Amino acid sequence: MSSPPVSRREFDALFGGVRSWGRWADAGRGAWNRVTPGHVLRAAALVRTGNVVPLGRPWDTASGPDNARPALHYMSDLGDVEPPEPSTHKDFIGADYHGKAVSHLDAPAHVAYRGRLFDGGPARELVGAGGARFGDVAGLGPLVTRGVLLDLPAVRGTAWLEPGEAVHPADLTGAEAALGVTVGEGDALLLRTGRFRRRRERGAWDPGAASAGLHVRSVPLLAERGIALLGGDGDSDVRPSPVEGVHSPVHTLAVAAMGVPLLDNLDLEALSAACAEAGRYAFLLAVAPLNVPGGTGSPVNPIAVL
């Protein structure tokens with residue numbers, strides 16, 4: 001389906017409608033406050049086969065249209081620096097990970113709208129050269145909850161959604177019905193568009209210019225369901241943006257209005273196959289970001305366990 005335009009006035013009304021500022025004492029954790037020990041126990045009860053599926057992409061050091069700032073990896077010790085024995089081999093990794101190539105988590109500090117972070121604090125005062133003093137990734141900590149995969153290509157009988165294709169509320173509820181699952185309070189919703197299957201078969205393209213993802217009018221449904229985390233094989237936003245002057249409107253509504261962290265650039269192909277084989281689309285999901293005080297996010301390799 002296409003991505004019909006949304007005026008800035010309508011977008012601001014959507015922002016106000018889904019905003020959950022002032023709801024939690026530990027506001028820096030945003031919607032992760034929804035996940036209680038009871039949610040963890042419920043997720044653990046979903047483990048039946050012990051099938052562990054990693055969702056992170058390989059560390060991508062190759063420049064391309066979808067990787068303008070490649071991750072770094074080089075050897076810093078080839079066993080010739082320290083006296084033997086034993087010889088040791090060491091390496092360095094680094095990444096400007098907020099892009100389209102590295103699987104990563106967006107913490108609440110990552111997105112502000114009209115100068116305000118989630119819960120209303122001024123971004124200029126709370127985020128500076130030394131990092132974030134509110135909503136940082138270290139304050140989030142790890143998350144274990146029920147994950148739900150809405151596999152749209154599987155529902156439609158296609159290999160993937162084409163770049164620029166928008167996902168609307170009826171697409172989400174239709175996928176729930178087709179897959180026999182319902183997104184609920186404290187869940188992590190993962191949306192598969194088939195991006196990385198398309199990339200493998202058709203080659204890389206610039207997903208900043210065109211990518212399948214959620215239309216902004218789908219976000220109120222997710223707010224009603226009370227999700228704790230949103231992720232996908234893109235960055236959740238359909239591109240081009242349907243909102244003039246807002247390049248990442250789903251990021252804005254999810255992170256800045258709802259306090260819902262995002263998982264971007266997941267490879268969901270193996271999870272799609274595992275869920276189809278198991279005949280179920282809910283599972284335990286574990287997310288353990290790096291403990292970076294002041295960080296606005298983190299590279300991450302989430303784990304689904306069926």
Side-chain angles (χ1 to χ4, degrees), residues 14-44 97-98 103-148 183-190 219-232 235-236 248 250-264 266 284-303:
L14 285 169
F15 189 97
V18 302
R19 186 170 58 194
S20 56
W21 295 2
R23 178 169 298 184
W24 297 294
D26 190 359
R29 297 187 73 241
W32 282 19
N33 283 288
R34 288 193 168 104
V35 179
T36 67
H39 289 92
V40 179
L41 291 172
R42 181 184 67 161
Y97 59 87
H98 282 302
S103 300
H104 67 270
L105 175 76
D106 291 339
H110 177 52
V111 179
Y113 183 59
R114 297 195 182 277
R116 300 284 171 174
L117 296 172
F118 173 70
D119 220 46
R124 286 190 176 182
E125 296 179 14
L126 295 174
V127 184
R133 292 183 289 108
F134 172 87
D136 68 336
V137 71
L140 280 178
L143 179 77
V144 176
T145 193
R146 187 177 85 134
V148 174
V183 178
E185 177 83 15
D187 283 350
L189 171 59
L190 305 182
V219 176
L221 174 64
L222 307 184
E224 291 171 11
R225 299 294 182 85
I227 63 170
L229 177 64
L230 174 63
D235 66 1
S236 295
S248 299
V250 171
H251 273 64
T252 304
L253 295 178
V255 181
M258 296 162 57
V260 173
L262 300 180
L263 288 173
D264 293 347
L266 302 179
L284 180 148
L285 182 73
V287 183
L290 298 176
N291 187 356
V292 183
T296 63
S298 167
V300 70
N301 181 24
I303 302 296

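From a predicted model like this one, the values you see are computed outputs, not experimental measurements.
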[X] versus [Y], closest heavy-atom pair with distance:
X    : Y    : result
G297 : V137 : O-CG1, 3.5 Å
D119 : G22  : OD1-N, 2.6 Å
V127 : A109 : CG2-O, 4.3 Å
M258 : A31  : O-CB, 4.1 Å
V255 : V260 : CG2-O, 3.5 Å
A112 : L117 : CB-CD2, 3.8 Å

Judged by atom type as modelled, is there a donor-acceptor pair below 3.5 Å linking the side chain of [X] to the main-chain atoms of [Y]?
X    : Y    : value
T145 : D187 : no
W32  : A228 : yes
T36  : G38  : yes
W21  : G259 : no
R146 : H39  : no
D106 : P261 : no

Do L253 and L222 pass the side-chain contact (heavy atoms from CB on, under 4.5 Å) test, and can you show the C-alpha distance, the side-chain angles, and the key distance before you say yes or no?
CA-CA 10 Å; L253 295 178; L222 307 184; over 6 Å; no
Using 30° and 60° as the class boundaries, would you call the ring planes of H98 and H104 parallel, tilted or perpendicular?
perpendicular
Reported [atom1]-to-[atom2] distance for the pair [X] and [Y], which is rounded to 0.5 angstrom:
X    : Y    : atom1 : atom2 : answer
L105 : Y97  : CG    : OH    : 8.5 Å
R34  : R23  : CZ    : CZ    : 5.5 Å
I303 : L284 : CD1   : CG    : 10.5 Å
L285 : L263 : CG    : CG    : 7.0 Å
L189 : R225 : CG    : CZ    : 9.5 Å

Test log, rule side-chain contact (heavy atoms from CB on, under 4.5 Å), inputs L14 and V219:
CA-CA 8 Å; L14 285 169; V219 176; over 6 Å; no
Would you call P108 and L140 a side-chain contact if the rule is heavy atoms closer than 4.5 Å?
yes
Stepwise side-chain contact (heavy atoms from CB on, under 4.5 Å) check, D264 with H251
CA-CA 10 Å; D264 293 347; H251 273 64; 3.5 Å; yes
